[in-house]
Amino acid sequence: MILAENLDQFGKDPWWLVLAKVVVIFAFLVVMTLFAIWYERKVVARMQVRPGPNRNGPFGLLQSLADGLKLAFKEDIMPRLADKVVFFFAPVISTICAFTAFSVIPFGPTVSIFGTHSPLQLTDIPVAVLLVLACSSMGIYGVVLGGWASGSTYPLLGGLRSSAQMISYEVAMGLSIVSVFLVSGTMSTSQIVEGQAGNGTVDIGGWQADLPAWYGILLIPSFLIYFTSAVGETNRAPFDLPEAESELVGGFHTEYSSLKFALFFLAEYVNMVTVSGLCTTLFLGGWRAPWPISLWDGANQGWWPVLWFTIKILLLLFVFVWLRGTLPRLRYDQFMRFGWKVLIPANLIWILSLAGILLTIDSDSLSSGGKFGVSVAIIVAALALGFVAIALSRRNATVVEIPKAHPDGRVGGSKGFPLPPLNLEVPPSPRAKLVIAEREPVSTGKEKA
């Protein structure tokens, strides 16, 4: 276990400092949202060899602000069949939950603010990570209620997809964080960052090595599973099934316009920043400087850690954009199968293996060679169990038969339902009547002669 500072330093700030922290966090998230929209459009444009936004402001930086002002002055349309109260509060719920989750994310160490020593964090509690997960779970209510209250079919389907997506990927995300709890011995975000200070010494069979104490390196399976689940949790491509334009027009926010649509848009990007901030805190050392900047004695003091924290978030946001510009959207059944049959079993196997390794390392009855052998045996058994699970899942997979062509040229299933042909030619309608126009023979005048 890693012993870290207690939480007595929180809850002692004067009211004006608490208010200032709230305003700064709100402004940080809004500015990061405006920047992330521009950042995404620029990166995707670079991937597609085009300029991207370059008109408003230097390098097009004010394009996101112009789009936000445009949405504010657009007409607010209320669907006739919508539940007006729920339709109004749905985007508000998503936005409030997205902003609240960032209240326990640490930006830096304790600094002096106008003569008052205070940590660069709004608050912290012994179960701060669970608070972030609770806020992300509550934010889905806004998506589901918005799709239901619209009174339309496509938004309802998008809301139902979002709820199913949250159930499957929230489980995988929660399980990926369990390994961090096992190693750090705490659920407090500030203490988890303290636990990643300096380097960690690894002793394997008498061979010692100094590795960075970042949990993203020590617990790399959990890091990869967490980030994959975070992409699905934030409805980002290739997991953007609740707002699939090719299937659901616009998904759960199809009927929204003006500021209500802007709130949903804001909540999505704030959620991206929040899960990136939580990933930085849990796996990438938090606000601590990376190597080789950490060799500088003042790198983790004063206000410099805010810069390192922001850079790490921007790098994770780049991965979000990279995935969107690279991977196609998954089918819904592939998406759910990946969550339930791949991520969750892999998480469980990894947690059991890690718990066994930690118990072996803490045991005093085994020698160094014995600990190494037991750890290797646990890893091999876990991998074997994983391969067996994958083989069984493939064995039970449903085989889809390709429909054959009918004798009359139509392509369809066993009941003759019309399906798109493989040769891209439009087949004749089975219900259309064959009409043959009969024409009179053309007279040339030679018959009379």
Side-chain angles (χ1 to χ4, degrees), residues 101 129-130 132-137 139-140 143 160-183 187 215-244 268 271-272 274-284 316 319-320 322-324 326-357 378-398:
V129 180
L130 298 184
V132 178
L133 294 179
C135 290
S136 63
S137 301
I140 303 297
V143 176
L160 293 177
R161 283 186 176 188
S162 181
S163 61
Q165 184 167 320
M166 183 273 297
I167 293 172
S168 58
Y169 281 79
E170 188 80 14
V171 175
M173 180 184 290
L175 290 175
S176 64
I177 303 176
V178 171
S179 60
V180 178
F181 300 157
L182 291 175
V183 176
M187 298 183 186
Y215 296 144
I217 299 176
L218 301 178
L219 307 173
I220 190 170
S222 298
F223 172 64
L224 297 177
I225 294 174
Y226 171 85
F227 195 82
T228 305
S229 302
V231 176
E233 186 74 12
T234 53
N235 299 335
R236 292 284 303 179
F239 301 150
D240 56 339
L241 276 304
E243 47 189 86
E268 177 180 339
N271 280 328
M272 287 173 55
T274 300
V275 297
S276 300
L278 183 62
C279 182
T280 301
T281 302
L282 295 178
F283 297 101
L284 302 180
L316 292 175
V319 180
F320 275 98
W322 189 8
L323 293 177
R324 177 179 180 178
T326 306
L327 300 178
R329 181 184 297 123
L330 273 70
R331 282 203 326 262
Y332 190 67
D333 58 331
Q334 295 173 336
F335 176 70
M336 298 303 293
R337 186 185 303 115
F338 181 70
W340 286 105
K341 293 187 177 182
V342 177
L343 292 184
I344 294 179
N347 251 320
L348 294 174
I349 294 172
W350 166 244
I351 291 173
L352 291 175
S353 305
L354 180 63
I357 293 173
I378 293 175
I379 294 175
V380 171
L383 291 176
L385 182 60
F387 284 127
V388 170
I390 293 174
L392 291 177
S393 63
R394 289 183 176 180
R395 181 179 179 182
N396 297 329
T398 303

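Being a predicted model, the structure only gives us computed values, none of them experimental.
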Flag the pair Leu133 / Ile177 as yes when at least one side-chain heavy-atom distance between them is below 4.5 Å, and no otherwise. yes
Residues which pass side chain to side chain contact (heavy atoms under 4.5 Å, CB included) with Ala101, listed by chain and number, not counting sequence neighbours: Val132, Cys135, Thr274
In this structure, CZ of Arg324 is separated from CZ of Arg329 (nearest 0.5 Å) by 9.5 Å
Should the pair Phe335 and Tyr169 be assigned to parallel (<30°), tilted (30 to 60°) or perpendicular (>60°) ring geometry? parallel
Given the rule in the side chain to side chain contact (heavy atoms under 4.5 Å, CB included) test, do Val275 and Tyr226 qualify, once you have shown the distances and angles that lead to the verdict? CA-CA 9 Å; Val275 297; Tyr226 171 85; 4.0 Å; yes
What distance separates Ile351 CD1 from Leu354 CG, expressed to the nearest 0.5 Å? 8.5 Å
CD1 of Ile344 to CE of Met173, rounded to nearest 0.5 Å, is 12.0 Å
If you compare all heavy atoms of Met336 against all heavy atoms of Ala164, which two are closest, and at what distance to 0.1 Å? CE-O, 3.6 Å
Identify the heavy atoms of Leu327 and Pro238 that sit nearest to each other, and give their distance. CD1-CG, 3.9 Å
Just wondering, do Tyr215 and Ser222 contact through their side chains at under 4.5 Å, heavy atoms? no
Spell out, as yes or no, whether a donor-acceptor pair under 3.5 Å connects the side chain of Gln165 to the backbone of Gly232. yes
Pairwise distance CG(Leu316) to CG(Leu284) - rounded to 0.5 angstrom: 5.5 Å
Flag the pair Trp350 / Ile225 as yes when at least one side-chain heavy-atom distance between them is below 4.5 Å, and no otherwise. no
Report the C-alpha distance between Leu323 and Phe239 in whole Å, list the side-chain angles of each, state the deciding distance to 0.1 Å, and finish with yes or no for side chain to side chain contact (heavy atoms under 4.5 Å, CB included). CA-CA 10 Å; Leu323 293 177; Phe239 301 150; over 6 Å; no
Please name the pair of heavy atoms, one in Phe283 and one in Ser176, separated by the smallest distance, quoted to 0.1 Å. CZ-O, 4.1 Å
What residues form a ring pair (Phe, Tyr, Trp, His ring centres under 6.0 Å) with Trp340, not counting sequence neighbours? none
Those residues that, when tested against Ser168, pass side-chain hydrogen bond (donor to acceptor under 3.5 Å, both in side chains) (two or more places apart): none
Check step by step if side chain to side chain contact (heavy atoms under 4.5 Å, CB included) holds for Phe338 and Thr228. CA-CA 10 Å; Phe338 181 70; Thr228 305; 3.6 Å; yes
Heavy-atom closest pair (Asn347 atom, Ala172 atom, distance to 0.1 Å) is ND2-O, 2.9 Å
